[in-house]
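Working notes for the structure below.
In what follows, every chain begins at residue 1, and chains take the letters A, B, ... in the order their sequences are listed.
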2 protein chains.
Amino acid sequence: MKPTKKYGKKIDLALSTWLKLYRAFNSFNKKSNESIKTFGLTQPQFAVIEALGHLGKLKVGELCDKLMVTGGSMTLVLDNVTKLGYVERIFDNQDRRAIYVQLTPKGKILFDKIFKNHAENILKYMSVLNQEEQILLGELLKKLGKSINKI
Amino acid sequence: MKPTKKYGKKIDLALSTWLKLYRAFNSFNKKSNESIKTFGLTQPQFAVIEALGHLGKLKVGELCDKLMVTGGSMTLVLDNVTKLGYVERIFDNQDRRAIYVQLTPKGKILFDKIFKNHAENILKYMSVLNQEEQILLGELLKKLGKSINKI
DNA sequence: AAAAATTATTTTGAGTTAGTAATTATCGAG
DNA sequence: CTCGATAATTACTAACTCAAAATAATTTTT
């Protein structure tokens, strides 16, 4: 990841900026994973619970799209969080092919606990930047993220 | 990930900034994975080749530290990239417990090709921001990344 | 110099995730 | 009502993860 060779000024600046993005993300993500583990969850399991916590009832296929995994993988992850008692499948009478997935009461409690913790951590980490800096950073990142998706 | 609930202004700003960081990183990472796949590599395999390409000969343990995985995982990943012919283990006469790992000529060729491609992509994606914006973004991210590591 | 502790890596075992392809069940259009 | 598309599961293969035990070499202690 470290750009030791010189590829030209513009490329070097781009690489170095990407490296900082990578590191900032990774440092945060590592911290995030620590708390996920203490709740006895894996990353994909956490991602499912987070998505359902924020977005409510979703179809299996919608979850696949959100989390960008195939159906075969999702079925297994759902089986695992279902075994843990956090999630349940409910059947749709409108379209009996579809299966909705939602948090159980136990799952909701976990989500609130995890996400509260998560939010507090984010605030703690973000607080090295003042509000103007956060807004500026957000704008730059948004511009960047959007452009990548267009390519 | 989407902060639908209100937790207070400061937390909301922090969450929304983190969300943008997450999305920008993820969009890029997704693109990055696409090219990794076209070279027939997995992410951990790519990470090994990238580390060796940039840093040269490393001990197995040093690689573990860099990539933050345990020795057991690393042994398997190294076995796989060795089978592919990109990496070789070499033994150290100073300390015969230690094993160094380095790219083979075939591995070096692959690295150059991958990293050139990688660098070009990064430049392409970063170019929506002008140089001043990239520098500013880099500074904010660096400040952020550093602070997290201290916690 | 022998014994004990530490270091470096591999081996083993159990579990999760990922993708692909085939299968089952349902839906919707003609 | 049948055919093609859609939704999810099942079955299979492969890779990665960690933890704990095993092996081997080095360093420290006595």
Pairs satisfying side chain to side chain donor-acceptor pair (under 3.5 Å), at least one member in residues 62-72 of chain B, at least two apart: B:Thr70-B:Ser73
Side-chain N or O of B:Arg89 closer than 4.0 Å to phosphate OP1/OP2 of C:dT10: yes
Salt bridge (charged side-chain N to carboxylate O under 4.0 Å, His left out) contacts in which one or both residues fall within residues 69-92 of chain B, not counting sequence neighbours: B:Asp79-B:Arg89
Rounded interatomic separation in angstrom, taking CG from A:Leu78 and C1' from D:dA8: 10 Å
Pairing of A:Glu139 and A:Lys143 as salt bridge, 4.0 angstrom limit: no
Whole angstrom value for the distance that separates P of C:dT16 from CD1 of A:Ile36: 16 Å
Spacing between B:Lys59 atom NZ and C:dT9 atom P, to the nearest angstrom: 7 Å
Atom NZ of B:Lys106: over 12 foreign heavy atoms under 6.0 Å: yes
With sequence neighbours excluded, residues passing side chain to side chain contact (heavy atoms under 4.5 Å, CB included) with A:Asn130: A:Glu132, A:Glu133
Side chain to side chain contact (heavy atoms under 4.5 Å, CB included) against B:Ala14, all qualifying residues, sequence neighbours excluded: A:Ile122, A:Leu123, A:Met126, A:Gln134
I'd like a list of close polar pairs between nucleotides 26-30 of chain C and the protein, N/O only, cut-off under 3.5 Å.
from   : atom 1 : to      : atom 2 : distance (Å)
C:dC27 : OP1    : A:Arg96 : N      : 2.9

Interatomic distance where CG belongs to A:Asp79 and P belongs to D:dT10 [whole Å]: 7 Å
Atom NZ of A:Lys113 with >12 non-hydrogen neighbours under 6.0 angstrom: no
Enumerate the protein-to-nucleotides 11-19 of chain D contacts in which both atoms are nitrogen or oxygen and the separation is below 3.5 Å.
from   : atom 1 : to      : atom 2 : distance (Å)
D:dC16 : OP1    : B:Thr42 : OG1    : 2.5
D:dC16 : OP1    : B:Gln45 : NE2    : 3.4
D:dC16 : OP2    : B:Asn80 : ND2    : 2.6
D:dC18 : OP2    : B:Thr70 : N      : 3.1
D:dC18 : OP2    : B:Thr70 : OG1    : 2.9
D:dC18 : OP2    : B:Ser73 : OG     : 2.8

Atom-to-atom span, CG of A:Leu63 to C1' of D:dA7 - whole angstrom: 13 Å
Full working for side-chain contact (heavy atoms from CB on, under 4.5 Å) between B:Ile114 and B:Leu41: CA-CA 11 Å; B:Ile114 287 179; B:Leu41 295 176; 3.7 Å; yes
Rounded distance in Å - NZ (A:Lys83) to C1' (C:dG15): 10 Å
